[in-house]
Each structure stands twice: as C-alpha cells, then as structure tokens.
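Everything below concerns the one structure shown next.
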Number of protein chains: 2
Amino acid sequence: MIHRLHFQIDERSGVPVYRQMMDQVKYYVAGGTLRQGDQLPSIRELASALTVNPTTVVKAYTELERDGVIEMRHGKGAFVSGRAKAITREEQEVALRRSAKQLAVEATQLQVTPPRVITVVREELNAVNPSPSADETPVKFTVVPGR
Amino acid sequence: MIHRLHFQIDERSGVPVYRQMMDQVKYYVAGGTLRQGDQLPSIRELASALTVNPTTVVKAYTELERDGVIEMRHGKGAFVSGRAKAITREEQEVALRRSAKQLAVEATQLQVTPPRVITVVREELNAVNPSPSADETPVKFTVVPGR
DNA sequence: CTGTCTGTATGATAACACCCAAACAGGGAA
DNA sequence: TTCCCTGTTTGGGTGTTATCATACAGACAG
C-alpha cells in the first residue's frame, strides 16, 4: 500500500514556505496520519516534489526538530518524534476555524452564495480524499504536491 | 455613537503585518461592519494605535486599494470602495477553488471529518454574513488595538 | 570498497518585510 | 492666510526568506 501526503504550498498567501510546510507536518501528526516512528519524505524528495529549494526544506525540518515534532538521523532520514504532542485538540479547532473563516470572508468578498461555497468545499474534500488505514507499522510516505 | 474597529496583530505568526491588516479590513467589509463610503482610520492613527510604522500601513492600504476594497483620497482619508472590483466569473471560480482546496487539505491533515468541516464552514459563513441594515450614512471608525 | 541513498553545512545573491526619518502635497476650517 | 488634518514619496537601514551551487559526512546494500 502506498501512503501519500498532500502538501499544499500557496505562494500568494504571504506565509513563508518553510512555515507552511511546518504547519502541514504538524497537522498530519496532530491528526494521526503521521505516527511515531514514521519516516517523512527526504529533504531532496520533498524539495523536488514541491519545486522548492532543499535549503527551504532543511529550514522547515530543523525548526520542526527544535519543536520536538520530528527527529533527523544523519544518513537515514527524518522521522516523527516519539514525544510528539505537536498540537492540542484546541489548537486543531482553532486552525480549522481560522481556515474556514478565511474561506467565508473571501467567498463573501467574491459575492459567492453560501450554497455554492458548500458545494465547492464538498468537491474539494472529495478530491483530496485520504486513503483509510488502520496499519500500525511505521511506513514511509510519498508526496502529492499541491500548487 | 462611537464606532470601533478591533485590530489584532500577531508578530509571532510569521504572517506579514501588512497582510494581517489587509485580512482584517477585508473581514470587516465582508461582514458589513465597514460599508461603502465609510472612512477608515488614517494611516498615522492606525500606525500609532498598533505601534507599527506608517509605511507598513501605507503598504496595506495600497494593496487593499489594488484589490478594489478601499479608495484613498489625498488629504481626505481612506474609504471603503463603492464599486466592487470587476471580476470575471472565471477569476471568481479560481479564487474560490483555491481557498476551498486549502481548507480541504488542512482539514484532511487534521483528520476532521467532512461533515464536521461543512458544519464549521456553514457557521463561519453565517458569522460573516451581515444582517442587512437600513443605515446608509457613512461613518468614521477609531481603532482599538489588540496585541 | 563503491555507489547511492540520507542529512549537514557554506557563501553568494536577490527579493521582501519592516523600521526610521524626512519631506512633499491636497483638503478644509479658523 | 495659517494650521492641522489627510495621503504621498524618498532614501537608508536591518533582518528574514528563499534561491543556487557546492561540498562534506553518516548509513547501508551490493
């Protein structure tokens, strides 16, 4: 079975790329998709998949290690840290609401009707469509770039 | 009656200050608190209230003007734009999808169930959508800083 | 050992974000 | 007119973000 991670980088958002990557790794850990011991995409793999410079990925991974989310092992790869606890449930809720609020504001600015917004959100949720997994063994993930 | 705008700037977020200000103005406009013709805080007033440099506010206002949200009039002030910027259906669709996809990816990373996402989006749409008001007189707003 | 994967580390370059100070110019009221 | 509000513009400074190219070093299979 192939596991995929969806990474979405929005250059127009003004948010630094390395920080967007950090957030998304944290979200995967918080959501349970990435579990203790799982191997993250290598620096070069992630960099080429997202067409960013490896240095940028290094920065993201280094900061994530400083935050205790991941561990990097020379010559082996980057792995989800044991003592992760990257994000609290409350922070997850805040993150979701912030993103939803942003969508709501933008849609209102664009004068899109609420039903239309709901429809599009449903479509995009289906498009992302995660693969359900109850596997307990540490796995390696590939990247699905989103730009 | 005194009208107040609450501005909150988070320096640790990594999001550029001028962009945080832009988002909040957009939110007020989308939500109907700021209406066509309303006068925004002056550049210097907003800058001193938030203890940021006036140049930063200039950048935010300039970008907002480029987005068609506000208009700046030399010697008079900054006002909420009358005419919504002309945008094609296609541009509207692209912008909406981009924002929706961002939310979908993030929700998936957090392993939030699609129904839950829809619920939150509905709530945020309701929170943004203004109750139609009969008051048409333009007003001036002051700033209450949040730091 | 060799090849190839992995992370680690530089220095140079460019663009952006933010601050600071100062000056210029329009609008409107005393 | 003068005064004080307003936006406009310029030049200089610092730190961050991100790119590119290059090199070094650990892990491991063949």
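Computed from a predicted structure; not experimentally measured.
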Check this for me, if you would: do [X] and [Y] make a salt bridge, where the nitrogen-to-carboxylate-oxygen distance has to be below 4.0 angstrom?
X         : Y         : value
Lys26(B)  : Glu106(A) : no
Arg19(A)  : Glu63(A)  : no
Arg116(A) : Glu93(B)  : yes

Interatomic distance, [X] [atom1] vs [N] [atom2] [rounded to whole Å]:
X        : N       : atom1 : atom2 : answer
Gln20(B) : dA17(C) : CD    : C1'   : 12 Å
Gln39(B) : dC5(D)  : CD    : P     : 14 Å
Leu46(A) : dG7(C)  : CG    : P     : 10 Å
Leu50(A) : dA18(D) : CG    : C1'   : 14 Å
Glu11(B) : dC18(C) : CD    : C1'   : 11 Å
Arg66(A) : dT8(C)  : CZ    : P     : 12 Å
Glu63(A) : dT8(C)  : CD    : P     : 13 Å
Phe79(A) : dA27(D) : CZ    : P     : 12 Å

For Pro16(A) and for Ala78(B), locate the closest nucleotide of DNA chain D by heavy-atom distance; then report the residue assigned to the nucleotide nearer the 5' terminus.
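Upstream on the strand: Ala78(B).
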With a 3.5 Å cut-off and no angle check, do the side chains of Ser13(B) and Gln20(B) form a donor-acceptor pair?
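On atom types as modelled, these side chains qualify, holding a pair under 3.5 Å.
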Does the side chain of Thr56(A) get closer than 4.0 angstrom to OP1 or OP2 of dT19(D) through an N or O atom?
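Looking at the OP1 and OP2 atoms of dT19(D), one of them is under 4.0 Å from a side-chain N or O of Thr56(A).
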Given dT8(C), dT8(D), dC18(C), identify the nucleotide with an atom nearest to the side chain of Ile43(A).
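The answer is dT8(C).
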Lys59(B) side-chain proximity, nearest of dA17(C), dT19(D), dT8(D):
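The listed nucleotide nearest to Lys59(B)'s side chain is dA17(C).
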My understanding is that a hydrophobic cluster links ILVMFWY residues whose side chain heavy atoms are under 4.5 Å apart, including indirect links. Using that, what else belongs to the cluster containing Val15(A)?
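In the cluster with Val15(A) are Val15(B).
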Within the side chain of Asp67(B), is there an N or O that forms a donor-acceptor pair under 3.5 Å with the backbone of Val69(B)?
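No, the answer is negative, given that no donor and acceptor are paired below the 3.5 Å cut-off.
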For a quick check of understanding: with a heavy-atom distance under 4.0 Å over all strands, which category does Tyr18(B) fall into, base, sugar-phosphate or nothing?
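Since only primed, P, OP1 and OP2 atoms lie under 4.0 Å of Tyr18(B), the category is sugar-phosphate.
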Atom OG1 in Thr62(B), atom CG in Leu64(B): separation rounded to 0.5 Å?
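It comes to 9.0 Å.
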So which protein nitrogen or oxygen atoms get under 3.5 Å of nucleotides 21-30 of chain C's nitrogens or oxygens?
| from | atom 1 | to | atom 2 | distance (Å) |
| --- | --- | --- | --- | --- |
| dA25(C) | N3 | His74(B) | NE2 | 3.0 |
| dG26(C) | N2 | Gly75(B) | O | 3.0 |

